[in-house]
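Working notes for the structure below.
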There are 2 protein chains.
Amino acid sequence: MIKYAKESRFIQAVDCIVFGFDGETLKILLIQRGFEPEKGKWSLMGGFVKAGEDFDQASNRILKQLTGLDGMYLEQLNTFSHPQRDPMERTISTAYFALIDINKYKIQLSDDYHPEWFSLKRMPKLIFDHQQMVELALRRIRYKAALHPILFELLPNRFTIPQLQNLYESVYNTTIDKRNFSKRVLATGLLIKQEEKDKSGSKRGAYYYHLNMQKYYAKFQAFLNFIPNPTNLIF
Amino acid sequence: MIKYAKESRFIQAVDCIVFGFDGETLKILLIQRGFEPEKGKWSLMGGFVKAGEDFDQASNRILKQLTGLDGMYLEQLNTFSHPQRDPMERTISTAYFALIDINKYKIQLSDDYHPEWFSLKRMPKLIFDHQQMVELALRRIRYKAALHPILFELLPNRFTIPQLQNLYESVYNTTIDKRNFSKRVLATGLLIKQEEKDKSGSKRGAYYYHLNMQKYYAKFQAFLNFIPNPTNLIF
DNA sequence: TATTTAAGTGTTCTTTTTACAATTATAAAA
DNA sequence: TTTTATAATTGTAAAAAGAACACTTAAATA
């Protein structure tokens with residue numbers, strides 16, 4: 001059923017920037033491209049959109065296929081349309097970003113396509129315009145996380161306040177006073193203190209917290225302000 | 001030169017949501033679609049992407065062609081990919097939004113395609129998923145204008161503080177105390193007071209201001225916070 | 001000259017943000 | 001058993017920002 005007969009048609013891809021956190025630093029998941037051009041080079045998780053699926057479906061399918069990952073936070077970022085961005089043939093790419101807890105998915109990852117986690121600072125060169133996509137995604141999550149509690153998507157079910165602070169410091173590449181930080185996060189009412197402690201990081205141990213999911217969903221759309229002095233961030 | 005031989009190919013459109021301000025309320029520009037399906041129905045300014053152009057070029061070209069408008073603020077919003085969004089043939093659409101001063105472009109608009117301005121509250125039904133696009137665009141500019149001075153793109157070169165306040169109140173569908181509002185906007189240092197007054201709106205007249213363009217560009221990336229009580233907005 | 005209308009402007013109180021350091025729990029070492 | 005080392009936890013005071021609130025002024029028109 002082709003009706004707009006005279007119009008050009010394009011190959012449509014999706015590329016996914018997967019951010020992960022292991023309790024220490026923010027990491028990004030990369031894969032070695034399995035076909036030409038640039039076969040074997042490091043790349044984002046990408047693939048072509050099929051005839052019957054929308055892009056959300058496509059990005060979920062491709063992530064599942066390449067990494068085994070399923071059901072994580074996934075959001076459309078931007079569409080990249082430079083005519084020569086893929087030297088083989090013009091390909092439009094819509095980028096998505098995902099946020100996951102690295103440890104939660106550790107087992108699933110040991111798969112056919114062996115994707116690997118890279119610290120943002122020690123990342124290999126990427127193919128095409130993928131580097132640009134990563135930079136835009138990083139800016140987007142910084143922007144969004146300054147207002148919404150999305151970074152909890154990167155944490156396990158139970159986490160400690162020092163871990164949470166590590167995460168924020170890692171995302172914003174800054175340091176935050178821990179007294180003020182814990183005051184702020186506790187003031188949101190999003191955290192429920194547990195009795196158990198995490199003793200892996202210190203002798204004393206740090207209390208675990210759960211997210212109050214009801215408040216989390218309720219507050220997600222509210223404007224928050226987690227980051228002190230966003231103007232003075234060390235970018 | 002077709003190399004990814006087995007992949008599906010799609011028609012790619014861009015649709016532009018053009019917001020305008022006339023000193024009173026926020027308006028949106030619509031056009032009657034010139035071809036089937038839905039010929040004659042109200043629609044966003046849209047068109048198909050051509051083989052050699054990227055989407056920014058396409059959206060500029062289409063806006064120029066349908067409205068005569070050129071060189072305005074234009075930003076990519078989101079890509080809409082539902083397989084049945086266009087009943088004629090599957091068409092991917094990337095939405096852009098534009099911000100302009102209505103009066104500045106008044107003359108150019110009286111053209112072949114006679115686009116018309118509609119107040120957001122008295123808007124006709126739109127074709128396809130264009131209504132969704134408008135809603136997303138509105139959310140985006142509210143979001144963005146709470147942090148960045150983008151709304152100045154909707155104002156003429158010189159404007160008064162009451163006009164500026166009208167604009168903010170119109171975008172956020174709220175009311176703001178005028179003492180606090182003028183304190184805030186003047187505190188940004190973005191405004192330069194002129195000697196002349198605008199006497200069209202009152203007997204006393206209101207002083208004109210210019211944007212300090214240097215500070216405007218410098219502060220654009222900084223986080224601002226113009227809107228009091230963003231949590232309590234009347235959406 | 002009086003009236004009308006919107007523009008312009010200051011202060012106080014409250015809330016939020018920031019700066020800053022001592023104490024505590026616990027494991028490991030002595 | 002005691003000491004030591006390490007990270008977790010907690011409070012206060014000062015500064016800045018935000019919110020509430022009403023009168024005076026300029027200028028056209030009656």
Side-chain angles (χ1 to χ4, degrees), chain A residues 23-25 146-147 155 158-170 172 174-209 219 222-234, chain B residues 23-25 146-147 155 158-170 172 174-209 219 222-234:
Chain A
E24 308 259 320
T25 56
L147 299 168
L155 289 169
R158 55 180 204 177
F159 52 85
T160 68
I161 290 187
Q163 278 169 7
L164 184 62
Q165 182 166 353
N166 268 347
L167 173 56
Y168 274 88
E169 293 183 338
S170 182
Y172 290 95
T174 186
T175 56
I176 309 175
D177 179 274
K178 61 184 174 175
R179 288 161 291 191
N180 293 337
F181 183 82
S182 74
K183 239 181 300 172
R184 287 184 94 127
V185 296
L186 292 174
T188 63
L190 289 174
L191 303 192
I192 304 167
K193 191 174 189 172
Q194 305 303 116
E195 293 194 349
E196 248 185 295
K197 283 181 165 184
D198 167 26
K199 300 217 174 158
S200 67
S202 73
K203 292 160 184 171
R204 179 174 174 174
Y207 282 106
Y208 281 118
Y209 287 81
K219 288 213 174 182
F223 287 48
L224 295 176
N225 191 8
F226 262 1
I227 299 305
N229 251 334
T231 331
N232 303 328
L233 298 177
I234 314 160
Chain B
E24 307 260 321
T25 55
L147 299 168
L155 290 168
R158 54 181 204 176
F159 52 86
T160 68
I161 290 186
Q163 278 168 7
L164 185 62
Q165 181 167 352
N166 269 347
L167 174 55
Y168 274 88
E169 292 184 338
S170 182
Y172 289 95
T174 187
T175 56
I176 309 175
D177 180 273
K178 62 179 174 177
R179 289 161 290 190
N180 293 336
F181 183 82
S182 74
K183 239 181 298 173
R184 288 182 93 125
V185 296
L186 292 174
T188 62
L190 288 175
L191 303 192
I192 304 167
K193 191 176 189 171
Q194 304 305 114
E195 293 195 348
E196 247 184 295
K197 283 180 167 185
D198 167 28
K199 299 218 173 157
S200 67
S202 73
K203 291 161 184 169
R204 179 174 174 176
Y207 281 105
Y208 281 119
Y209 285 82
K219 286 212 176 185
F223 287 48
L224 296 176
N225 190 9
F226 262 2
I227 299 305
N229 251 334
T231 330
N232 305 328
L233 298 176
I234 315 159

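These figures come from a predicted structure and were not determined experimentally. A note on names: the letters A, B, ... follow the listed sequences, proteins ahead of strands, and every chain is numbered from 1.
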For the side chain of Y209(A) and the backbone of L186(A), is there at least one donor-acceptor N/O pair under 3.5 Å apart?
no
Between C1' on dG8(C) and CG on L191(B), what's the gap in Å once rounded to a whole number?
15 Å
Let me have a per-nucleotide readout for nucleotides 24-30 of chain D, 5' to 3', with B, S or -, counting only protein heavy atoms under 4.0 Å.
-BBBB--
Report yes if the side chains of N166(A) and F159(A) come closer than 4.5 Å at any heavy-atom pair, otherwise no.
no
Restricting to non-hydrogen atoms, name the atom on I192(A) and the atom on Q194(A) that form the minimum distance, rounded to 0.1 Å.
O-OE1, 3.2 Å
Starting from P on dA8(D), measure out to CD on Q163(A) and report it in whole angstrom.
10 Å
Measure the distance from CG on D198(B) to P on dT5(C) and round it to the nearest whole Å.
18 Å
With distance as the sole test, does Q165(B) use its side chain to make a donor-acceptor pair with the main-chain N or O of S182(B) at under 3.5 Å?
no
Please list, for nucleotides 11-13 of chain D, all pairs of protein and nucleotide N/O atoms separated by less than 3.5 Å.
unit_1: dT12(D); atom_1: O4; unit_2: K183(A); atom_2: NZ; d: 2.7

Hey, which sits more toward the 5' end of DNA chain D by its nearest nucleotide, K178(B) or Y209(A)?
Y209(A)
Taking atom C1' of dT9(C) as reference, at what distance in whole Å does atom CG of L186(B) sit?
11 Å
Quick check: closest heavy atoms across S200(B) and D198(B), and the distance to 0.1 Å?
OG-OD1, 2.7 Å
Which part of the nucleic acid, if any, lies within reach of S182(A) when heavy atoms closer than 4.0 Å are counted: base, sugar-phosphate only, or nothing?
base
Applying the side chain to side chain contact (heavy atoms under 4.5 Å, CB included) test to Y207(B), which of E195(B), K193(B), R158(B) qualifies?
K193(B)
Side chain to side chain contact (heavy atoms under 4.5 Å, CB included) with Y208(B): of L191(B), I161(B), T160(B), only one passes, and it is T160(B)
When you measure from the side chain of K178(B) to the backbone of P162(B), do you find a donor-acceptor pair of N or O atoms at a distance under 3.5 Å?
no
